[in-house]
J.: 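Sharing a structure below in structure tokens format, with a few things to ask.
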Amino acid sequence: MDITKMTALALGKKIRQKEISVREAVLASQEKIKEQEESLHCYITLNTEAALLQADKVQKLIDNKSLTGPLAGVPVAIKDNICTKDILTTCASKILSNFIPPYSAEAYINLERQGAILLGKTNMDEFAMGSTTETSAFGITKNPHDTSRVPGGSSGGSCAAVAADECFYALGSDTGGSIRQPSSFCGVTGIKPTYGTVSRYGLVAYGSSLDQIGPIAKDVTDCAVILEAISSYDPKDSTSVKRDSYDFTAGLVNDVKGLKIGLPKDYFGEGLDSQVSESILAAAKELEAKGAILEEFDLGLVDYAIPAYYTIASAEASSNLARFDGVKYGYRTEDADELHHMYKKSRSEGFGPEVKRRIMLGSFVLSSGYYDAYYLKALRTKALIKQAFDKAFDRYDIILGPAAPTTAPKFGELVSDPIKMYLSDIYTISTNLAGLPGISVPCGKDHEGLPIGVQMLAKCFDEKTLIRAAYTYEQTRERV
Ligand code: GLN
């Protein structure tokens with residue numbers, strides 16, 4: 001039996017039943033990584049020896065019944081913008097290429113408490129800016145389904161690692177689709193929770209009002225359990241929300257009778273690949289056959305989501321990334337003759353082209369004279385988008401559509417044309433602008449065998465219904 005093909009939960013169970021030891025599970029993952037990494041490059045940093053030490057420690061705690069949870073002893077991969085104490089956290093950038101955080105992100109601490117074993121830190125677009133993982137300063141990650149294609153981004157390393165069985169599950173971050181889009185391209189399942197559900201403490205900030213950490217796994221059940229494990233109210237994050245319930249696994253119910261599902265007509269128009277469209281509509285029909293009520297509707301404002309998102313995300317990024325100046329963190333230029341010169345050179349040499357583009361765009365839209373014309377207008381648009389979703393959720397429990405307009409493109413296709421790359425985020429970014437929870441679930445493959453993901457959205461704090469719809473859909477088909 002190939003252990004690495006198991007879901008996180010199935011492995012957790014075998015570990016608790018003493019059929020597989022934690023060390024065996026870690027070694028199996030490490031073997032898979034060794035076999036495939038040269039070609040796929042899912043990881044930036046491997047935690048090889050420390051993972052084995054951690055495995056022995058966790059095994060003892062499982063043996064003496066101190067650790068009894070479903071994820072105890074299960075190996076995980078973490079996106080490299082989530083801080084892990086004493087372990088390199090680069091954000092796939094040159095400027096943080098030597099950054100070893102003195103603390104861990106709250107979401108990761110929550111996993112450690114459950115007995116997770118860290119296999120390594122995964123590749124991503126630099127500072128999570130991108131849709132293909134090609135903007136990484138550490139080289140590209142390849143899509144395990146076709147190595148001439150991108151895994152998506154920015155959590156491309158995490159999604160490829162799950163798809164290639166190089167970990168049992170992973171954490172990613174989603175500012176405008178970075179969990180859902182690569183999940184769709186890699187044929188895995190990923191959830192972006194309601195804004196405020198998972199603490200952002202220790203997540204290196206990109207667009208603070210949009211960023212959320214979320215699970216990437218082999219199925220909906222794993223995702224629900226992992227989300228439950230990482231979610232918590234955290235006073236260290238001022239946007240953390242104390243929720244009434246964190247019982248996401250209560251949504252694992254195979255029943256959608258009477259559930260109202262809205263299909264936004266605006267999501268099925270020009271630009272959507274016909275095979276993707278067919279596959280998404282077939283998924284909707286499956287849910288209808290199980291008793292859900294389907295209806296098409298006009299969501300509206302879709303054309304405004306991309307400009308609003310890139311204005312807000314870049315504005316926040318330009319402010320968040322101001323702290324990387326060669327003084328306190330990371331890379332500092334070798335030769336600078338005075339302080340100002342040192343800042344300028346460190347930043348010029350330390351940031352890649354996509355990050356610089358965002359910093360310039362963000363500084364521009366925040367500058368006096370342009371603030372009202374761009375930034376404030378984008379914030380107003382964001383409020384209108386939120387209202388449009390609120391109105392839709394008065395009528396529907398779930399909104400269903402594609403996660404991405406196409407399947408995984410070839411290398412170079414998107415990254416060479418920034419506008420084309422930004423436009424490819426059309427179906428995911430408004431979710432973040434409205435703070436909603438969303439999931440991408442595999443729903444088929446195109447003629448070339450490339451995975452397609454169906455995206456479902458629910459109203460804020462209703463992950464339970466989201467998980468219920470996704471779980472019910474998943475029961476209708478085999479894992480791809
Ligand atoms: N592709 C989007 C961007 O580049 C989303 C990235 C993300 O969700 N981190 O901003």
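Remember, it's 1-based here, ligands and their atoms both numbered in the order they're listed.
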J.: Quick one: does ligand 1 sit under 4.0 Å from the side chain of Ser178, the backbone, both or neither, non-hydrogen atoms only?
T.: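 Both of them.
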
J.: In terms of atom number and element, which parts of ligand 1 are under 4.0 angstrom from non-hydrogen atoms of Ser131?
T.: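 Selected atoms, number and element: 1 (N).
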
J.: Just verifying a value: how many Å separate Gln36 CD and Asp165 CG, rounded to the nearest 0.5 Å?
T.: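 Those atoms lie 7.5 Å apart.
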
J.: In the structure I gave you, are the side-chain heavy atoms of Leu414 and Lys420 within less than 4.5 Å of one another anywhere?
T.: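 Side-chain contact under 4.5 Å: yes.
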
J.: Looking at Met129, which atoms of ligand 1 are within less than 4.0 Å of one of its heavy atoms?
T.: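 Near Met129, meaning under 4.0 Å from one of its heavy atoms, ligand 1 has 4 (O).
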
J.: Can you list the ligand 1 atoms lying under 4.0 Å from a non-hydrogen atom of Tyr309?
T.: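 Matching atoms, with element in brackets: 2 (C), 3 (C), 5 (C), 6 (C), 10 (O).
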
J.: Counting neighbours of CG on Asp394 that are heavy atoms of other residues, nucleotides or ligands and sit closer than 6.0 Å, is the number greater than 12?
T.: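 For Asp394, atom CG is crowded (more than 12 foreign heavy atoms under 6.0 Å).
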
J.: Measure the distance from atom 10 (O) of ligand 1 to every protein heavy atom, then report the residue, atom name and distance (to 0.1 Å) of the closest one.
T.: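 Ranked first by proximity to atom 10 (O) of ligand 1 is Tyr206 OH, 2.5 Å.
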
J.: Do NZ/NE/NH1/NH2 and the carboxylate oxygens of Lys85 and Glu112 come within less than 4.0 Å?
T.: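 Salt bridge: no.
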
J.: Which ligand 1 atoms does Ala128 reach within 4.0 Å, using its non-hydrogen atoms?
T.: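 Every atom of ligand 1 under 4.0 Å from some heavy atom of Ala128: 6 (C), 7 (C), 9 (N).
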
J.: Side chains of Leu400 and Leu287: closer than 4.5 Å at any heavy-atom pair?
T.: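 Touching, per the 4.5 Å side-chain cut-off.
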
J.: Is the NZ or CZ atom of Lys94 positioned over Tyr331's six-membered ring, under 6.0 angstrom from the centre and within 45° of the axis?
T.: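 Because its charged atom sits under 6.0 Å from the ring centre and within 45° of the axis, Lys94 does stack over Tyr331.
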
J.: If you measure every N/O of Arg358 against every N/O of ligand 1, is any gap under 3.5 Å?
T.: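 Between Arg358 and ligand 1, an N or O pair is found under 3.5 Å apart.
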
J.: Hey, do the aromatic rings of Phe127 and Tyr206 have their centres closer than 6.0 Å?
T.: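 No: the rings miss the under 6.0 Å criterion.
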
J.: Which ligand 1 atoms are under 4.0 Å away from a heavy-atom of Gly176?
T.: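 Atoms satisfying the 4.0 Å criterion: 5 (C), 7 (C), 8 (O).
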
J.: Which protein heavy atom lies closest to atom 2 (C) of ligand 1, and at what distance to 0.1 Å?
T.: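 The closest heavy atom on the protein side is Asp425 OD2, 3.2 Å.
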
J.: Any idea which atoms of ligand 1 are less than 4.0 Å away from a heavy-atom of Tyr310?
T.: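 So the atoms of ligand 1 that pass are 1 (N), 2 (C), 3 (C), 4 (O), 10 (O).
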
J.: Quick one: does Ala313 get a heavy atom under 4.0 Å from ligand 1?
T.: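 It does not; every heavy atom stays at 4.0 Å or beyond.
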
J.: Using a 4.5 Å cut-off on heavy atoms from C-beta on, say whether the side chain of Thr122 contacts that of Asp80.
T.: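 Asp80 does not reach Thr122 side chain to side chain.
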
J.: Determine, using heavy atoms of Tyr422 and all atoms of ligand 1, whether some pair is separated by less than 4.0 Å.
T.: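 Checking ligand 1 against Tyr422, which is what was asked, there is no heavy-atom contact under 4.0 Å.
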
